[in-house]
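Just follow the structure's listing: the first ligand is 1, and inside any ligand the first atom is 1. Everything quoted here is computed from the prediction, not taken from an experiment.
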Amino acid sequence: MKLFRNRKIKERTLPEHIAIIMDGNGRWAKKRSLPRSAGHAAGAKTFKTIARYCNKIGLKYLTVYAFSTENWKRPPEEVDGIMNLLRDYLKDAENFKQENIRVKFIGDPAPLADDIKQLMKKDEDGSADATGLKLNIAINYGGRDELVRAVRQIAGEELSPDEITEDEIAHRLYTAGMPDPDFIIRPSGEYRLSNFLLWQSAYAEYWFSDVLWPDFKPRHLEQAIDDYNRRSRRFGGV
Ligand code: IPE
Ligand code: IPE
Ligand code: MG
């Protein structure tokens, strides 16, 4: 795989943490007169390709949005189809372990099927020692839900008002201990966060594209990273 065609590779810096909203599977399928499930299957392939590519270029953290707390609103057949793809992926995750990718799931696992929960735990434990890409997969993840859970924990621990700091909140999020995403990518022509990483995205850079997720290629990621390198991040300073 060719890494960075651009000759100025040495001048380029990788974000530490990239987050991707993997959107557009349904429209990709519709364009081809295929069922939405075919779009999700194609999207799952793209996910594997992009995760491997990120590992290869030495990215530290990749967080992907795979299923939101709002996605349960979809027809049950579609939700079942997505859950089956997740099962396939989880059973296959041994490959990722061999590639030295550390997998972690973020989101509330409670409503997921027991076999899925067990597979998730197995894959997390099995890849815990991997030293390559740290891959977070957001399943039944919602930014607001995450914040509610953090607030509930704080209330349960009876912290006094002045003990409640930004750090205390961040420590109770699924992403505790990780750097915030520097760069959030959303393909499919939508310009919104859809409840993704609300707290963590405070100073993220954004990159949008009309490409539908199943068509998203490593070259689109390269292009995005090129654009990221042209951004001036000031974090409120000068
Ligand atoms: C993203 O693709 C996958 C999930 C949200 C699970 P969509 O299924 O949302 O695709 P579009 O937005 O309908 O094209
Ligand atoms: C966001 O996509 C969630 C995932 C990609 C998993 P959606 O397709 O659910 O978002 P909306 O409904 O267009 O905002
Ligand atoms: Mg969508």
[atom]: the protein heavy-atom neighbour that sits closest, reported with distance to 0.1 Å:
| atom | answer |
| --- | --- |
| atom 3 (C) of ligand 1 | Asn25 ND2, 3.6 Å |
| atom 12 (O) of ligand 1 | Arg27 NH2, 2.7 Å |
| atom 9 (O) of ligand 2 | Asn71 ND2, 2.9 Å |
| atom 2 (O) of ligand 2 | Arg186 NH2, 3.5 Å |
| atom 7 (P) of ligand 2 | Arg74 NH2, 3.8 Å |
| atom 13 (O) of ligand 2 | Arg192 NH2, 2.8 Å |
| atom 5 (C) of ligand 2 | Met22 O, 3.4 Å |

Taking 2.8 Å as the cut-off, does an N/O/S atom of Asp23 lie below it from the Mg ion (ligand 3)?
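So Asp23 does bind the Mg ion (ligand 3) by this criterion.
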State whether [X] and [Y] are salt-bridged, where the test is any N-O pair (Lys NZ or Arg NE/NH1/NH2 against Asp/Glu carboxylate O) under 4.0 Å.
| X | Y | result |
| --- | --- | --- |
| Arg230 | Asp226 | no |
| Glu16 | Lys134 | no |
| Arg186 | Glu190 | no |

May I ask you to establish whether Arg74 and Trp72 are in a cation-pi arrangement, using a distance under 6.0 Å from NZ or CZ to the six-membered ring centre and at most 45° from the ring axis?
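Not flagged: Arg74 not positioned over aromatic ring of Trp72.
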Between Glu99 and Asn55, do the side chains contain an N or O donor and an N or O acceptor separated by less than 3.5 Å?
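No, no side-chain donor-acceptor contact under 3.5 Å.
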Quick one: do the Tyr53 and Arg219 side chains pair a donor with an acceptor below 3.5 Å?
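Short answer, no.
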Contact partition for Phe67 relative to ligand 2, non-hydrogen atoms under 4.0 Å
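Contact part for Phe67 vs ligand 2: backbone (N, CA, C, O).
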Measure Ala138 to ligand 2 on non-hydrogen atoms and call it side chain, backbone, both or neither using the 4.0 Å cut-off.
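Within the 4.0 Å criterion, Ala138 makes no contact with ligand 2.
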Run the salt bridge (charged side-chain N to carboxylate O under 4.0 Å, His left out) test on Lys121 and Asp115 for me, step by step, so that the C-alpha distance in whole Å, both residues' side-chain angles and the decisive distance to 0.1 Å come before the verdict.
CA-CA 10 Å; Lys121 171 106 180 39; Asp115 68 306; over 6 Å; no
Gly26, any N or O under 3.5 Å of ligand 1 N or O:
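Among all N and O atoms of Gly26, at least one is under 3.5 Å from an N or O of ligand 1.
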Return a yes/no value for Asp23: is any of its N or O atoms, backbone included, closer than 3.5 angstrom to an N or O of ligand 1?
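It does: an N or O of Asp23 is found under 3.5 Å from an N or O of ligand 1.
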Relative to each other, are the rings of Phe183 and Tyr228 parallel, tilted or perpendicular (30° and 60° limits)?
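Tilted, since the angle between the ring planes falls between 30° and 60°.
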Is the shortest distance from a heavy atom of Glu190 to ligand 1 less than 4.0 Å?
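The answer is no: ligand 1 sits nowhere under 4.0 Å from a heavy atom of Glu190.
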Which ligand 2 atoms are under 4.0 Å away from a heavy-atom of Ala66?
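In order of numbering, the contacting atoms are 6 (C).
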Can you check whether Ser194 has an N/O within less than 3.5 Å of an N/O in ligand 2?
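Ser194 vs ligand 2: N/O contact under 3.5 Å present.
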Applying side chain to side chain contact (heavy atoms under 4.5 Å, CB included), run through Tyr206 and Leu193 and close with a yes or a no.
CA-CA 10 Å; Tyr206 293 85; Leu193 271 182; 3.7 Å; yes
